Amino acid sequence: MITATEKTEYVSYLDHKGKYKGIFAWIFATDHKRIGLLYMYAIMSFFFIGAFLGLLMKIELIAPGETIMKPQTYNGVFTLHGILMIFMVVIPGLSAVFGNFFLPILIGAKDVAFPKLNRFSWWIFIAGSIMAIASQLLKDGPPDTGWTFYAPYSTTTGTNVIMATAAAFVLGFSSILTGLNFIVTIHQMRAPGMKFFNMPLFPWALYATAWIQLLATPIVGITLLMLIA
Amino acid sequence: MILPAMGVITEIIPTFCQRQIYGYKAVAISSLAIAGVGFLVWGHHMYTSGMSEQARWFFSLLTFIVAVPSAIKVFNWISTMYRGSIDVKPPFLYAISFIFLFIIGGTTGLLLGSVATNVQVHDTSFVVAHFHYIIFGGMGFAFFAAIHYWLPKMYGRMYNFKIAYIAWGINFVGFNLLYFPQFIIGVEGMPRRYFDYPPQFQPMQIVSSIGGFILISGLILMVYNLVQGVRKGAPAPANPWHGSTLEWQIPSPPSLENFDEEPEIKKNPYDYK
């Protein structure tokens, strides 16, 4: 086996010098490992914002009646908590971070099938996240429907529901592309000699999830569009 | 989105029991089964919104069917642990607490999947509690298990075990204090997404809020420990957990193209030692 001590010229992916320098070495990276870490930093930040909002709700609920915020603020807080935690933490969560990092390694591949598409997925993810945050700041006020955007209330409330659903729609593209990438990777990039039933079980779980991401996310996206229409 | 979480747990449990996973094919195919049936259960969110009696019956049945492959996985994890030589390290602690919380979340999911009980607790904090047990206790704890498991591989450095154990304890206690009371007041009729409530729910709400503060302090401690580990932890060996999958065969952190030579593929995916 190759270890760092045996091969003197060994350079890890963290120390590798590419075309770009500084922060651009990360945001223009096509290496699946760096993209996995980028997702992890973004997701952990959103997770802590979401957890802080959850804590605000728990403080509000410590006594009956108004404790620290107005009812409408509370509606905004639980909606943003849901949007952040579901669309920006849980859905990308494990598959984008650890899937990106370890799926190619576990099946003996160099990278995912479409490294540039992978980088593009991360950019879309960030764009969608910025839209979700923008939905809080625009003039009609934060959405108050809960993250599920259940009609009919979501079609009649005056708040920025359209911006928030558009954000979820854009974030959906990131999931779809990641799912597509993983399916092709698992079909095409397995090391010579590795059959489906020679794969470890984490790639199996990612494979099943990728099909859901590819087939079910468009349907969710379309239903979100119906809210706007 | 619980599937990748199950995948992570399926990798971690055998590593720390020094055993092969029990029932490899059953676990693999149950993933596909959950994905397949998962497409068809959306109706279980809508029992009270005026769908027909037949549709409610059908969606309820499908929802119960999802429980079967999930339970197969839980059974396989526990069978893998049975008579294994268990090495309790931080990733393993998160993995077994995943199983514990997932069982609570899953069985309360059956209560919600059944039409009769669902109509009673629809849109109460019972649903909130069930959801957080599955999503946070499931997916969240699996995420923490995965970070603790793979961080030495990702950065080539190790975190402090002692702080990791303490943070795990705080997280586990805080989590249950935060969400379990919501089951109780949910059955009693506390609606979700309300900022106000009648005074009889206050004791449980206070317990829940205290749990929230405990949980967040545990999370901060956990992340602090991981960041310290990444910045100035001791260098990690290539295979700190005696894992038997391919990623532990390459140095930590991996090189740009992962494998400097074509890896030799073995018939059994858990034979790379």
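Because the structure is a prediction, the values reported are computed rather than measured. Sequence lines set the chain letters: A, B, ... in the order given, protein chains first and strands last, and positions in each chain run from 1.
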Select one option (side chain, backbone, both, neither) describing which atoms of [X] are under 4.5 Å from chain A's heavy atoms.
X        : value
B/Tyr197 : both
B/Leu219 : both
B/Ile216 : side chain
B/Phe131 : side chain
B/Val223 : side chain
B/Glu247 : both

Please check this pair: side chain of [X] against backbone of [Y], looking for a donor-acceptor N/O pair closer than 3.5 Å.
X        : Y        : value
B/Gln205 : A/Ala63  : no
A/Lys33  : B/Ser255 : yes
B/Ser209 : A/Lys58  : yes

> Are B/Lys25 and A/Phe197 in a cation-pi setup, meaning NZ or CZ lies under 6.0 angstrom from the ring centre and within 45 degrees of the ring axis?
Replying inline: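 Positive - B/Lys25 is close enough to the ring of A/Phe197 and near enough to its axis.
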
> For residues 176-187 of chain A, which residue pairs qualify under side-chain hydrogen bond (donor to acceptor under 3.5 Å, both in side chains), counting only residues two or more places apart or in two chains?
Replying inline: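 Residue pairs passing side-chain hydrogen bond (donor to acceptor under 3.5 Å, both in side chains), neighbours aside: A/His187-A/Tyr207.
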
> Can you say whether the rings of B/Phe136 and A/Phe47 are parallel (under 30°), tilted (30 to 60°) or perpendicular (over 60°)?
Replying inline: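 It falls in the perpendicular class, over 60°.
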
> Taking every heavy-atom pair that is under 4.5 Å apart, which of A/Leu206, A/Asn75, A/Leu14, A/Thr73 has the most such pairs with chain B?
Replying inline: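 Of the candidates given, the most pairs with chain B belong to A/Leu14.
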
> Which residues in residues 98-107 of chain A have a heavy atom less than 4.5 Å from any heavy atom of chain B?
Replying inline: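 The residues closer than 4.5 Å to chain B, in numerical order, are A/Phe98, A/Phe101, A/Phe102, A/Pro104, A/Ile105, A/Leu106, A/Ile107.
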
